[in-house]
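Notes for the one structure printed next.
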Amino acid sequence: GVPLWIFCSLLVLGHHYKEYRAKIYLCEGYEPITDENILTIVDKWKSRLGIRQEVTLYYNDIVHSPAIMYYKGYRILLPLYPMSEEELNIALLHELVHLKQGDIHTKNVAFVVNAFHSFNPFTYYLRNQIEKWSEAGCDWQSCQVGKDEFSVEDYCKCILDLKERSLDASHTNIMYCLFENKNMLNFRIDLMMKRKDAVPHISGVIAAVVVLMLTMVVSVGISTNGLQFWKEKTLFYAQEEASEFDIISGNDIFANAKISYAEENIIDQMESEDVELESGEVIIYNVPERCGKSIITSVDCDNGTYQYGCIGENGGVEYLEETDTGQVVVPFTLEEPIRYFFVKNIGNTNCELEVYLISQQ
């Protein structure tokens, strides 16, 4: 499952990167607009919206709709077909409202979340909803800011007139456009004309969608950990644990012993594991399947008597006994795959040891 998830995520990220590379030929080789009338309109709306970021304007022969994007700064791209001053006034306000609302960055975050959850069709739906309601929110905010200069009907007529003169917008994954496709435009116009006297809480809708997406992302992690928690607290895990206990308890070495399990894997680690055992206490280490039937063990103890050895998956045991011998390195080989390594303090006092295991694979 993990390799498939990684492959799908890289595939979607690769597609987004290809879209991102499109910014280069959309932006390079074009000279900034210096028309004073256009720049005056931009400065007017920037002042009303409280925008301090620098915004550069370009004419572009690739785009079919006025659009805003981020590439080495905020850039507004204007198509080459003629636009009246009123149309420029509305189009530039619309794009600047996108900047003010942070819609470009929201879109990028949605793409990243979508990439890492590419296997989940719900993320595609959520991304589409975020873009749809970002456009709707931008429409309403534009009409509120510019209500002393144009009406909602003027705003809608402007967008429809410009759409009649052009094709569907392109490269919509890397920028926000005044209009995209027919379905999106119909949704926005219908929303505007039917509710033009209301002031919808669009920002609240967008926030709710974003929160829903984040909740979904977090829930994936919670559900994964929750599944493990469920497994550990149910009869299934109890039965699994019982079968392991049967293997260990079936040998006299562990009779009446206090048994503890090491929490961490110590096979092939850079440092040894320090452990202190009470009299009669046993510590048991899991041995990964990759070790097979052989491991090399190292136990260092200067102050006690202990037994140490290996347990096979069918219950076979091989062990040795040592007393105050310092470091002892011993290879163990069983006729069955080794499942555990153990050390038992058989002295009358506490025993301090250093344990290190090495696989032979």
Side-chain angles (χ1 to χ4, degrees), residues 8-27 49 51 53-58 60 62-79 91-142 159 168-185 187-188 191 200-218:
C8 292
S9 297
L10 290 177
L11 195 66
V12 176
L13 285 173
H15 173 70
H16 292 338
Y17 180 72
K18 181 181 177 182
E19 292 278 355
Y20 175 80
R21 294 285 296 175
K23 292 183 179 182
I24 297 177
Y25 72 82
L26 281 172
C27 297
L49 292 169
I51 295 174
Q53 296 96 322
E54 183 178 349
V55 182
T56 309
L57 280 73
Y58 298 85
N60 188 286
I62 299 175
V63 300
H64 304 297
S65 164
I68 187 169
M69 63 186 297
Y70 187 89
Y71 177 75
K72 298 179 180 178
Y74 290 99
R75 304 185 180 213
I76 293 179
L77 308 182
L78 297 178
L92 292 172
L93 171 58
H94 179 93
E95 303 311 328
L96 289 170
V97 169
H98 275 308
L99 189 161
K100 178 65 176 179
Q101 294 182 162
D103 293 334
I104 298 173
H105 301 303
T106 302
K107 175 177 280 196
N108 291 335
V109 171
F111 278 140
V112 172
V113 173
N114 186 197
F116 285 105
H117 294 270
S118 55
F119 53 85
N120 188 340
F122 190 53
T123 60
Y124 296 89
Y125 172 78
L126 283 176
R127 195 185 82 189
N128 177 266
Q129 291 302 305
I130 287 175
E131 293 182 11
K132 180 186 289 187
W133 286 99
S134 292
E135 285 291 357
C138 185
D139 291 334
W140 278 104
Q141 187 65 22
S142 297
I159 296 177
D168 285 350
S170 59
H171 304 290
T172 55
N173 285 338
I174 57 175
M175 56 189 176
Y176 269 100
C177 306
L178 181 62
F179 51 81
E180 296 186 359
N181 54 59
K182 185 176 180 181
N183 290 337
M184 174 74 84
L185 191 56
F187 166 78
R188 290 165 56 194
L191 189 67
H201 300 289
I202 297 294
S203 59
V205 174
I206 296 173
V209 173
V210 173
V211 168
L212 183 59
M213 176 174 278
L214 292 175
T215 301
M216 182 205 66
V217 174
V218 173

Rounded to the nearest 0.5 angstrom, the CH2-CZ distance for Trp133 and Phe187 is 4.0 Å
Applying ring-ring contact (aromatic ring centres under 6.0 Å, His included), name anything that partners His98, two or more places apart in sequence or on another chain. His94, Tyr176
For the residue pair Pro79 and Pro66, what are the closest heavy atoms and their distance? CD-N, 3.7 Å
Atom pair NZ (Lys132) and CD1 (Ile130), whose distance is rounded to the nearest 0.5 Å: 12.5 Å
What orientation do Tyr70 and His105 show, parallel under 30°, tilted 30 to 60°, or perpendicular over 60°? tilted
With rounding to the nearest 0.5 Å, note down the distance linking CG in Leu77 to NE2 in His64. 12.5 Å
Side chains of Leu49 and Leu99, heavy atoms from C-beta outward: is any pair under 4.5 Å? no
Heavy-atom distance under 4.5 Å between the side chains of Gln101 and Ser134, does that happen here? no
Do Glu95 and Val55 have side-chain heavy atoms sitting under 4.5 Å apart? no
Test item: Val63 and Tyr58 side chains (from C-beta on) under 4.5 Å apart, heavy atoms: no
Just wondering, do Ile104 and Tyr74 contact through their side chains at under 4.5 Å, heavy atoms? yes
Atom pair CG/SG of Leu96 and Cys138 - distance to nearest 0.5 Å: 9.0 Å
Do Val97 and Asp103 have side chains that get closer than 4.5 Å, going by heavy atoms? no
For side-chain contact (heavy atoms from CB on, under 4.5 Å), just list the numbers for Leu191 and Asp139, CA-CA rounded to whole Å, side-chain angles, deciding distance to a tenth of an Å, and then say yes or no. CA-CA 10 Å; Leu191 189 67; Asp139 291 334; over 6 Å; no
Could you give the distance from CG (Leu92) to CD1 (Ile68), rounded to the nearest 0.5 Å? 9.5 Å
